[in-house]
Amino acid sequence: MEKRKIQIFDTSLRDGEQVPGCKLNTKEKVSIARKLEFLGVDVIEAGFPTSSPGDYKSVQEISKSISKTVVCALSRAIEKDIEIASLSLKNAKRPRIHTGIGTSDCHIRYKFNSTPEKIIERAIHAVKYAKKFVEDVEFYAEDAGRTENEFLAKVCETVIKCGATVINIPDTTGYCLPEEYGNKIRFLKENVKGIHKIILSTHCHNDLGLATANSLAGIMNGAEQVECTINGIGERAGNTSLEEIVMIIKQNNHLNFFTDINTKLISSTSCLVSKYTGMKVQANKAIVGVNAFSHSSGIHQDGVIKKRETYESINPEDVGICESSIILTARSGRSALAYRYKKLGYFFNKNFLDSVYSIFLEYADKKKEITDIELKIILDKVNLKHKKNNQILHSHSRNDRRINVI
Ligand code: KIV
Ligand code: ZN
């Protein structure tokens with residue numbers, strides 16, 4: 001069976017940036033956008049130009065610097081927003097306007113004090129208006145996660161008739177369970193006339209930690225695009241994280257999906273986004289956390305040293321990390337200790353390793369992690385002890401020279 005391409009729509013610079021404490025200047029946004037283009041994303045959502053002059057400028061500059069990737073600007077279903085979005089995209093080689101409106105009862109009643117009929121009218125007008133400026137118009141049905149499927153289908157069918165090229169089904173509040181979200185996508189695929197002419201997109205928030213699972217359910221039920229952010233940054237608990245969905249697709253060949261992402265650039269992109277946004281990545285974050293390829297318990301370390309796959313299902317090289325780390329703590333065993341000394345150029349026989357290990361444990365019980373410098377201090381201490389006892393040496397340097405003369 002032929003593999004199906006999943007488009008990666010990165011919204012780190014729009015949904016990702018709209019969080020407390022995260023502020024990027026135009027220069028930083030342009031560098032991130034360039035990196036995203038190298039990474040191979042299909043669409044870069046560059047900002048919400050109507051929101052501030054700074055955001056307008058950023059979308060403008062990104063539009064000038066990006067050559068192949070679609071550059072997208074967000075707008076509400078308001079003429080002025082759409083005009084500003086189109087102006088900011090003037091220099092984009094492949095511009096897209098992303099416009100839309102809330103479709104759930106809650107949004108219709110409380111946010112807009114409106115009716116479903118009037119919301120459909122506004123959706124029609126927004127898409128038709130955006131089409132005057134660009135060919136590629138994406139429509140979002142905000143809070144689609146809590147929108148009744150029949151009404152959502154009606155909205156989708158209407159905007160397709162108006163020329164929408166992509167329809168985004170956001171689970172804005174991270175409300176859905178994967179099965180529910182998958183069924184929603186399937187329902188739209190099976191019940192909306194013209195749905196096969198457009199790209200159906202997922203946009204899942206992580207309020208219950210289900211953003212990636214929901215996006216996966218979405219593509220497994222027919223969606224062709226995933227909206228996501230680097231490191232999963234975004235409103236409240238964040239968005240689907242790009243690295244997770246991309247690596248799920250890569251690791252699971254049987255799903256028959258592919259993306260155009262160069263996964264070897266994932267780690268460096270994650271670092272760049274974290275550095276510029278000031279948003280630290282949690283240590284145990286899948287794929288990009290510092291602990292994602294680190295092993296600290298003796299049993300795991302021993303397994304990984306013998307064969308990496310015993311405790312790793314992803315090859316760190318696939319995401320741009322040269323190798324897994326063996327972290328030395330009081331939980332580490334002799335094989336991890338020998339492995340780390342070997343990396344420093346020291347080779348020990350069994351007796352010598354036993355001596356080093358007992359001193360190592362004294363240090364490790366007092367400290368969280370033992371560094372290379374401390375390994376050298378430990379070695380000096382063992383050598384001194386042996387010298388006092390007038391024992392012969394059993395450690396060798398990498399080129400088999402005897403070291404630590406006693
Ligand atoms: O979460 C959401 O609904 C959004 C839309 C504005 C696309 O970010
Ligand atoms: Zn969102």
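All residue numbers refer to positions in the sequence shown, counting from 1. As the structure lists them, so they are numbered: ligands from 1, and atoms in each ligand from 1. Owing to the predicted nature of the structure, the values given are computational and were not obtained by experimental measurement.
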Exercise. Enumerate the residue pairs fulfilling salt bridge (charged side-chain N to carboxylate O under 4.0 Å, His left out) with a member in residues 238-247, sequence neighbours excluded, ordered by first and then second residue.
Key: E243-K285, E244-K285

Quiz item: Can you pull the residues with any heavy atom under 4.0 Å from ligand 1?
Solution: R14, D15, H98, Y140, E142, N168, P170, T172, H203, H205

Quiz item: Can you list every pair that meets salt bridge (charged side-chain N to carboxylate O under 4.0 Å, His left out) and has a residue in residues 211-232, with sequence neighbours left out?
Solution: K189-E224

Quiz item: Taking it one step at a time, do K264 and E317 satisfy salt bridge (charged side-chain N to carboxylate O under 4.0 Å, His left out)?
Solution: CA-CA 7 Å; K264 290 197 190 302; E317 285 176 10; 5.5 Å; no

Exercise. Please determine if D171 and R146 form a salt bridge, counting it only when a charged side-chain N lies under 4.0 Å from a carboxylate O.
Key: no

Practice problem: Please work out whether the ring planes of Y129 and F133 are parallel, tilted or perpendicular, with thresholds of 30° and 60°. | Solution: perpendicular

Quiz item: So, are E362 and K366 salt-bridged, with charged N and O less than 4.0 Å apart?
Solution: no

Quiz item: With a 4.0 Å cut-off, would you call D380 and K376 a salt bridge?
Solution: no

Quiz item: How are the rings of Y311 and H300 set to each other: parallel, tilted or perpendicular (split at 30° and 60°)?
Solution: parallel

Quiz item: Near the Zn ion (ligand 2), which protein N/O/S atoms fall under 2.8 Å?
Solution: D15 OD2, H203 NE2, H205 NE2

Quiz prompt | K154/E150 salt bridge by N-O under 4.0 Å criterion | solution = no

